[in-house]
Amino acid sequence: MSEELLINISPMESRVAVLDNGILGEIYIERHHKLGLVGNIYLGTVVRVLPGMQAAFVDIGQSRTAFLHVNDMQREPRPAAKSSKVEKTGDERTIIEVTADDLAITPPVISTQNTEVVSVSKTLIQHRLHESQRILVQVTKDQLGSKGARLTTNISLPSRYLVYLPSSEHIGISQRIDGEEERTRLKTELTSLMQTVNLKGGLIARTAAERVPVDKLEEDIYYLLQLWRTICARRQEMKPNQSSELIYQELSLPLRSIRDLVHAGTEKVVIDNAQIYEQVRYFAKEFVPFVYDRIVHYTAEQSLFDVHRVEDDLRDALKRRVDLKSGGYLIIDQTEAMTTIDVNTGSFVGGRSLEDTVYKTNLEATHAIARQLRLRNLGGIIILDFIDMLEQQHKDDILESLQSQLVQDYAKTKITQVSELGLVEMTRKRTRESLGQQLCEPCSTCQGRGFVKTAETVCFEIFREIMRCARTYNSPKKFTVVAHASVIDLLLTSESDTVADLEYLLGRVITFDVENLYTQEQYDIVLD
């Protein structure tokens, strides 16, 4: 697969597009006035502890307090379980010490006949945190809608090939590295390097570490060690009167894309800003030297994204409907709880039979769905409504095709089997806002419903409101209806007989006034 990175820089934002064989596969956007928080490390202040939720709210200097759950906290070292045998009237009695987590979260099965619980270690969140306490935290999820950022105390520092975990002793290998021999090599070399450097903590080998020589891994370890020492030093320099402080800021989007997105298959990195071009080249020379010669400065007058049709693809990615080449189409609806994707045959009639038409449409839809999930960055629960198929082999083929298309997705996905109704349930890890959430806001007219009341419905509401006002107020001699032009037009034409009957019934005059600034659902009744 041929892959290119396009980096577009403007005074307002930075955008990185990933092209797969010339087609937009992913887009990353960073507004300069609203930089992402994921990866940032703060020394924050606990604002409130919620024992019922086993969570706390932490002030990190943002507009909303951030959220920290007990499961995202570094586990306190547990002493070895103590047990002793006590001679008592000829019986052996075992005395066991357990933790509060054991009792509150996963109660142990203990035979009480010869066992006595003598103490409980206090490890619940109310025993670990208190209000006004300062705590070192890292952002794992940006603010989403009305929700504050998600935090963890398990700090992780990424480099090109490795991720350093100061509070863990785990050595892990990326699941995308398949070869057992390569996984064993990496684990052995990382274990040896940690002992040589005397590095305390844990390491995870990223996908980019596959077949990387040991000297490159060693360079990464030294870099991460120095970075962690700098963070610790900045923490010690924190002023007592400060409630929160940014200790470490994640790299900017252009540099982060070089660190995380480029790989051996990346043919070219094109940048349209001279200053960022120099920064990226310097960063690549130090940390990703293999891509250094592939970095290109774009200087033509026409916009970089226009040349590669990225702007057109972005506009299409905000639409509900996605057309397929065969004539079929997808309908994508994103809600608070889940995203639904409906597959339709549209104008595609196929050739041999209905089953064959349905099968080909569903097969083509798997490619489009995988691309749209990445491009729109859809996460959480996703329901795929494929067209019903009769043959089990066709269902298996559709599922296999979808799974193969999702192999390239950086986000973790999990897929269920095709149900009898043609539904596939899947989940996709959500770490940041979707493309629609980043670029759009709820419609001020329909308030996000996706539809508005018809002019006829609004007319009937106006009639009811006039009757309500007539019963409530006896003094008005005239009612003036102020509404949108389409509503007034309907009142003066199709509903004119109803208006006349209402005037006769109430014994009052009804006049009309057009307000072009009103939406179709807005209206006022003025009493004269």
Side-chain angles (χ1 to χ4, degrees), residues 3-20 24-42 60 62 138-144 149-150 156-161 163 206-208 223 227 246-263 266 268-288 291-292 294-298 303-308 310-311 313-314 317-318 374-379 409-411 429-440:
E3 186 173 288
E4 292 183 37
L5 252 65
L6 307 181
I7 302 179
N8 168 243
I9 307 296
S10 70
M12 306 80 67
E13 63 185 1
S14 299
R15 298 185 297 175
V16 175
V18 181
L19 303 186
D20 297 331
L24 180 63
E26 296 177 52
I27 184 75
Y28 298 84
I29 301 173
E30 187 175 76
R31 301 277 168 86
H32 295 165
H33 70 283
K34 186 183 176 182
L35 297 177
L37 304 179
V38 174
N40 289 358
I41 299 176
Y42 295 87
I60 59 172
Q62 300 299 312
Q138 186 172 34
V139 179
T140 58
K141 286 186 180 180
D142 274 320
Q143 297 181 168
L144 295 175
R150 184 75 180 252
S156 61
L157 300 174
S159 63
R160 171 59 185 166
Y161 304 114
V163 176
R206 307 181 69 179
T207 307
Y223 164 77
L227 180 59
L246 177 62
I247 302 295
Y248 165 78
Q249 186 169 18
E250 179 62 298
L251 297 174
S252 64
L253 178 59
L255 300 183
R256 200 163 66 242
S257 64
I258 298 300
R259 183 192 69 191
D260 298 338
L261 300 180
V262 300
H263 52 83
T266 304
K268 192 188 301 182
V269 178
V270 186
I271 307 172
D272 64 2
N273 182 279
Q275 183 179 356
I276 300 300
Y277 168 72
E278 293 298 335
Q279 291 179 11
V280 168
R281 277 170 59 89
Y282 177 81
F283 180 83
K285 188 174 183 180
E286 291 291 322
F287 299 102
V288 199
V291 81
Y292 180 80
R294 306 178 194 179
I295 301 174
V296 178
H297 183 205
Y298 180 81
S303 170
L304 175 63
F305 274 22
D306 285 340
V307 171
H308 294 271
V310 174
E311 300 290 4
D313 288 340
L314 273 178
L318 297 176
R374 293 176 60 197
L375 179 56
R376 301 177 186 229
N377 193 33
L378 300 174
D409 198 336
Y410 69 92
K429 187 175 181 180
R430 175 166 33 203
T431 57
R432 55 191 173 95
E433 291 181 315
S434 67
L435 185 64
Q437 291 169 329
Q438 281 185 294
L439 302 182
C440 305

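What you see below is based on every heavy atom in this structure, not just the backbone, and it leaves out hydrogens, waters and symmetry mates.
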Return the CD to CG distance between Gln138 and Leu37, rounded to the nearest 0.5 Å. 11.5 Å
Test side chain to side chain contact (heavy atoms under 4.5 Å, CB included) on Val16 and Ile29; report intermediate values, then the result. CA-CA 7 Å; Val16 175; Ile29 301 173; over 6 Å; no
Specify the closest pair of heavy atoms between Gly436 and Leu318, including all atoms of both residues, with the distance to one decimal. CA-CD2, 4.1 Å
Side-chain heavy-atom pair Leu24, Val18 within 4.5 angstrom cut-off: no
For side chain to side chain contact (heavy atoms under 4.5 Å, CB included), just list the numbers for Val296 and Val269, CA-CA rounded to whole Å, side-chain angles, deciding distance to a tenth of an Å, and then say yes or no. CA-CA 6 Å; Val296 178; Val269 178; over 6 Å; no
pair Ile7-Val270: side-chain heavy atoms closer than 4.5 Å: no
If I compare all heavy atoms of Arg256 with all of Leu251, which pair ends up nearest, and what's the gap? NH1-O, 2.6 Å
Is it true that Arg150 and Asp142 have a side-chain N and a carboxylate O under 4.0 angstrom from each other? no
Which atom names give the shortest non-hydrogen contact between Leu375 and Ile27, and what distance separates them? O-CG2, 3.8 Å
Pair Val262, Arg160 - check side chain to side chain contact (heavy atoms under 4.5 Å, CB included), show working. CA-CA 10 Å; Val262 300; Arg160 171 59 185 166; 3.8 Å; yes
In chain order, what residues pass the side-chain contact (heavy atoms from CB on, under 4.5 Å) check against Tyr410, with sequence neighbours excluded? Glu26, Tyr28, Asn377, Arg428, Arg432
Excluding sequence neighbours, so at least two apart, what forms salt bridge (Lys or Arg N to Asp or Glu O under 4.0 Å) with Glu4? none
For the residue pair Glu433 and Gln143, what are the closest heavy atoms and their distance? OE2-O, 3.7 Å
Rounded to the nearest 0.5 Å, how far does NZ of Lys285 lie from CD1 of Ile295? 11.5 Å
How long is the span from the CD1 atom in Ile41 to the CD1 atom in Ile247, to the nearest 0.5 Å? 8.5 Å
Is the closest basic N to carboxylate O distance between Lys268 and Glu3 below 4.0 Å? no
Checking Phe283 now: which residues fulfil ring pair (Phe, Tyr, Trp, His ring centres under 6.0 Å) with it, not counting sequence neighbours? Phe287
Considering non-hydrogen atoms only, spot the tightest contact between Ala208 and Tyr161 and give its length. O-CD2, 3.4 Å
side-chain contact (heavy atoms from CB on, under 4.5 Å) partners of Asp272, counting only residues at least two apart: Asn8, Ile9, Tyr298, Leu304
Rounded to the nearest 0.5 Å, what's the gap from CD on Gln62 to CG on Leu246? Could you check? 9.0 Å
Mind listing the closest non-hydrogen atom pair of Leu5 and Ser257 along with its distance? CD2-O, 4.0 Å
If the condition is salt bridge (Lys or Arg N to Asp or Glu O under 4.0 Å), which residues does Arg259 pass it with, not counting sequence neighbours? Glu250
Is Leu19 close to Val310 at the side-chain level, that is, under 4.5 Å between some pair of heavy atoms? yes
Would a 4.5 Å heavy-atom cut-off, applied to side chains only, mark Leu6 and Ile271 as touching? no
Glu311 bridged to Arg15 by N-O distance under 4.0 Å: yes
Can you tell me how far CD of Gln279 sits from CD1 of Ile276, rounded to the nearest 0.5 angstrom? 4.0 Å
Intermediate values then yes/no, side chain to side chain contact (heavy atoms under 4.5 Å, CB included), Val139 and Tyr42: CA-CA 8 Å; Val139 179; Tyr42 295 87; 3.8 Å; yes
Tyr277: ring pair (Phe, Tyr, Trp, His ring centres under 6.0 Å) partners, not counting sequence neighbours: His297
